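Structure first, then comments.
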Number of protein chains: 2
Amino acid sequence: MPDVQNGTPAYRRIQAAILQRIEAGQLRPGDVVGSERQLAKVHKVSLMTARHALAVLTRDGMVERRPGAGTFVAQPKIHFNRLASFTEQMASRSLPARSKVLYCRIIRGEHEIAARLGLPAESRLVKVERVRQGADEPVAIETCHLSADDFGDLAEAGMERSSLFAFLERQHGVTLANADEQIDATAADARSARLLGIPVGEPLLRIRQVIYSTQGKPVLYVLGLYRSERHTLLIRRYR
Amino acid sequence: MPDVQNGTPAYRRIQAAILQRIEAGQLRPGDVVGSERQLAKVHKVSLMTARHALAVLTRDGMVERRPGAGTFVAQPKIHFNRLASFTEQMASRSLPARSKVLYCRIIRGEHEIAARLGLPAESRLVKVERVRQGADEPVAIETCHLSADDFGDLAEAGMERSSLFAFLERQHGVTLANADEQIDATAADARSARLLGIPVGEPLLRIRQVIYSTQGKPVLYVLGLYRSERHTLLIRRYR
DNA sequence: AAGTGGTCTAGACCACGGC
DNA sequence: CCGTGGTCTAGACCACTTC
């Protein structure tokens, strides 16, 4: 029977158990993670379920599998292709995350952005602009857009402390699932340069992302400008 | 019995069949791809195998699954997070791909690059530097490094025409499986600017990739500098 | 109510790695 | 040789969407 104790699928629980052992330092890079058959026995699941757990960890680059040899803990603690909030990204590097809100209001007339969110052109949108700081230095400018009809209360909620991801989950029961990103390089204009404390014309990494909920609905449009010396993107591609 | 006819796993054959129908225009974006149970019947495989095929297509963004509703062809023909050679990338946009080889020789003393390829610091490396052109304009400078002990004959092979991926596969039986990339922005120096026909200081997208074979061995180190107006990266992230 | 994706079972054979 | 990952089977129940 599908043992969905406390709502968490078995393969998720197995993943979590392994990740915990890695983070606790019990498993070091290069160490053998239990084989599929071992994991299946220990967690009392079938082989396919244990496999599924390992497959996801492999995709994220937490674990490496060598046919005939075994499954091993991968080198660093980098989550490839992982959708994470700024807060989470900083936490994974053990850095304090801070934000300064520059703008937080309801606007209208952003046709292109509305379209990217699958909304009518004249929709009201909540716009939140923040400077992201890591280790007390400005790292990025992030501008978010959401449907004001669905998430208008965001304009009143203080975005100073809490993560936007957490807000969406707690206040609206919306869980984010994946993001499609468009990445290029651009030169800092006067305003960006001032906010980030860098010379005008400096190269910046520009990331535009549309973030989807677990229901497949586009929820969030984010434009990010990142200081290239302070931020590099890590990606894994497959053949 | 695992039906590995002609060496291709069943789930790969199913994928290929679906992709073919999409590319042929028989399936348009939004159309229903057969359900898991349909696919299983048609291809005479079990449910889990049909599922596996769809899972990979979902990961690549070719197909969208809505629980309770069905599986649908996704919007564009973008392969997210897909490792593709420059030749393949251009082909997928129906553009002619051309390259000019600037440099193709065996070198020594690139310690850091050797390390990234898992080789001793003083290893001999083949270095190939190329200007990539799409639609008769220079788009990128790509510098590849490979182990000279394993692939020394590359220095003699003309890299003008053929794809490096194809060369590795045909001449050495090495199939590339995935790449880990590190992405940031940088300013064009004098040489890059001249080669790409842009002003000095212009922002460039810099991509460093280590490409691994199906055996998990690092085979190729590539440094790419891309004109940001001519190239944007598309990525999908997961939660 | 019928169909769908999401999860899961309890087995199986194969090719390959390391001893 | 034995253990490993890679592939596969023939079923099953659940929550959900669509009608």
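In what follows, chains carry the letters A, B, and so on, assigned in the order in which the sequence lines appear, proteins first and then strands, with residues in each chain numbered from 1. Basis for what follows: all heavy atoms, side chains included, without hydrogens, waters or symmetry-related copies. Computed from a predicted model, the values in this text were never measured in an experiment.
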Distance below 4.0 Å between B:Thr49 side-chain N/O and D:dT9 OP1 or OP2: yes
- prompt: Within the pair B:Tyr11 and D:dT7, is there a side-chain N or O less than 4.0 Å away from OP1 or OP2?
  reply: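 Checking B:Tyr11 against D:dT7: at least one side-chain N or O falls below 4.0 Å of OP1 or OP2.
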Options C:dT7, D:dT9, C:dA12, nucleotide nearest the side-chain atoms of A:Pro9: C:dT7
Over how many whole Å does the gap from [X] atom [atom1] to [N] atom [atom2] extend?
{"X": "B:Lys41", "N": "D:dA10", "atom1": "NZ", "atom2": "C1'", "value": "13 Å"}
{"X": "A:Glu64", "N": "D:dG5", "atom1": "CD", "atom2": "P", "value": "13 Å"}
{"X": "B:His52", "N": "D:dG5", "atom1": "NE2", "atom2": "P", "value": "15 Å"}
{"X": "A:Met48", "N": "C:dG6", "atom1": "CE", "atom2": "P", "value": "15 Å"}
{"X": "B:Ile14", "N": "D:dC8", "atom1": "CD1", "atom2": "P", "value": "8 Å"}
{"X": "A:Gln15", "N": "C:dG6", "atom1": "CD", "atom2": "P", "value": "15 Å"}

- prompt: Can you list every ring-ring contact (aromatic ring centres under 6.0 Å, His included) pair that touches residues 10-66 of chain A, not counting sequence neighbours?
  reply: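 Counting only pairs at least two positions apart or across chains, the ring-ring contact (aromatic ring centres under 6.0 Å, His included) contacts touching residues 10-66 of chain A are A:Tyr11-A:His52.
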- request: Give every residue pair that meets the ring-ring contact (aromatic ring centres under 6.0 Å, His included) criterion with at least one member in residues 12-33 of chain B, sequence neighbours excluded.
  value: none
Qualifying residues under ring pair (Phe, Tyr, Trp, His ring centres under 6.0 Å), relative to B:Phe86, sequence neighbours excluded: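 Counting only residues at least two positions away or on another chain, B:Phe86 forms no ring pair (Phe, Tyr, Trp, His ring centres under 6.0 Å).
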message: If we check side-chain hydrogen bond (donor to acceptor under 3.5 Å, both in side chains) with B:Tyr226, which of these qualifies: B:Arg206, B:Glu142, B:His231, B:Arg132?
response: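 Option passing the side-chain hydrogen bond (donor to acceptor under 3.5 Å, both in side chains) with B:Tyr226: B:Glu142.
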message: According to salt bridge (Lys or Arg N to Asp or Glu O under 4.0 Å), who are the partners of A:Arg208, at least two apart in sequence or on a separate chain?
response: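 Here the qualifying residues are A:Asp184.
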field: Those residues that, when tested against B:Lys41, pass salt bridge (Lys or Arg N to Asp or Glu O under 4.0 Å) (two or more places apart)
entry: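 Once residues adjacent in sequence are excluded, B:Lys41 has no partner under the salt bridge (Lys or Arg N to Asp or Glu O under 4.0 Å) criterion.
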Would you tabulate the pairs of protein nitrogen or oxygen atoms and nucleotide nitrogen or oxygen atoms of nucleotides 2-5 of chain C closer than 3.5 angstrom?
{"from": "C:dG3", "atom 1": "N2", "to": "B:Gly68", "atom 2": "O", "distance (Å)": "2.8"}
{"from": "C:dG5", "atom 1": "OP1", "to": "B:Thr71", "atom 2": "N", "distance (Å)": "3.2"}
{"from": "C:dG5", "atom 1": "OP1", "to": "B:Thr71", "atom 2": "OG1", "distance (Å)": "2.5"}
{"from": "C:dG5", "atom 1": "OP2", "to": "B:Glu36", "atom 2": "N", "distance (Å)": "3.0"}
{"from": "C:dG5", "atom 1": "N7", "to": "B:Arg37", "atom 2": "NH1", "distance (Å)": "3.0"}
{"from": "C:dG5", "atom 1": "O6", "to": "B:Arg37", "atom 2": "NH2", "distance (Å)": "3.1"}

